[in-house]
There are 2 protein chains.
Amino acid sequence: MVEIAQRPVRAPTHPGAVLREDVLPALGLSVTAIARHLGVTRQQLHRVLSEQSGISPEMALRLGKLCGNGEMLWMRMQEAHDLWHARRKLGAELDRIPTLRADAA
Amino acid sequence: MVEIAQRPVRAPTHPGAVLREDVLPALGLSVTAIARHLGVTRQQLHRVLSEQSGISPEMALRLGKLCGNGEMLWMRMQEAHDLWHARRKLGAELDRIPTLRADAA
DNA sequence: CCGAATTGTCAAGTGAAAAGTGACAGTTTA
DNA sequence: TAAACTGTCACTTTTCACTTGACAATTCGG
């Protein structure tokens, strides 16, 4: 039985890393060319690739169209990333929040 | 055969509306009391309920713990909301983005 | 009945993050 | 060799969640 950690120790892969290491090489185009296709500045794409920017919903739509796989892939990756950092930031405070039951009215 | 619209005409329900109309009444507590449990100010909770704020990843974690249903429910609702508005904002620009095929290197 | 506490709501200010713009060094190309 | 292109950095703007302070209306204890 393999344990699937609900709270992984290390941060989930940044979407920018996938873009940089898998998608762009397969397309074989320069950052500038991809940015032109996406309709964003090459500077903004560069920030995503260098993991200085996350994937906004707008960017997810653009990438989803460009790659043909839809926006959900990018939304999911960013979501995993955001949740991991939010949970890390909240820390023990989450444990102090009770789970309330709805009383049948 | 019922048509499921991929791009619904009207905006998806705001998570704050669900919280306001379904969750809070079932719990039978005041906004202030809920906010205290969540560990946020009553002003911030009010902004969510009045749909002036969205659900941040942090807030999703708090609500997930409080309701006992996990954070994904709230993340999904906010995601649907964000994507709908992003697509509306992008408009025809999305159509101008080509779908590129990866050339087998 | 009245004063105090609580509650809902509004407005201004803070901080973080995405995105635009300008600049610059290194490389490619004609 | 000069011009165009590319990657990268720094500055600015904008948006949004969140904090804080304030205030009117309501609830509650003496």
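Below, chain A is the first sequence line, B the second, and so on; all start at residue 1.
Not a single salt bridge (charged side-chain N to carboxylate O under 4.0 Å, His left out) links A:E21 to another residue, sequence neighbours left out.
OP1 or OP2 of C:dT21 has not a single side-chain nitrogen or oxygen of A:T41 nearer than 4.0 Å.
A donor-acceptor contact under 3.5 angstrom links the side chains of A:Q44 and A:R47, judged on distance only.
Here B:K65 does not pair with A:E93 in a salt bridge; the nearest charged N to carboxylate O distance is not below 4.0 Å.
Taking the side chain of B:H46 as heavy atoms from C-beta on, and the options C:dT9, D:dT20, D:dG7, the nearest nucleotide is C:dT9. Distances from the side chain of A:R42 to the nucleotides C:dA23, D:dA22, C:dA19 place C:dA23 closest. For A:Q44, the listed nucleotide lying nearest its side chain is C:dA18; candidates were C:dA18, D:dA17, D:dG7.
Mapping A:Q43 and B:V40 onto DNA chain D via the closest heavy atom, the residue that lands nearer the 5' end is A:Q43.
The NE2 atom of B:H85 sits 15 Å away from the P atom of D:dT15 (whole-angstrom rounding). For the pair A:L29 CG and D:dT6 C1', the interatomic distance rounds to 14 Å; values are reported in whole Å. The CZ atom of A:R36 sits 14 Å away from the C1' atom of D:dG7 (whole-angstrom rounding). Note: CG (A:L45) to P (C:dG20) measures 12 Å, nearest angstrom.
A:R62 places a side-chain N or O within donor-acceptor distance of the main-chain N or O of A:L38, the cut-off being under 3.5 Å. Distance alone, capped at 3.5 Å, places no donor-acceptor pair between the B:R42 side chain and the B:V31 backbone. Between the B:E71 side chain and the B:G64 main chain, no donor and acceptor come within less than 3.5 Å of each other.
Against DNA chain C, the stretch residues 47-71 of chain B makes no heavy-atom approach under 4.0 Å.
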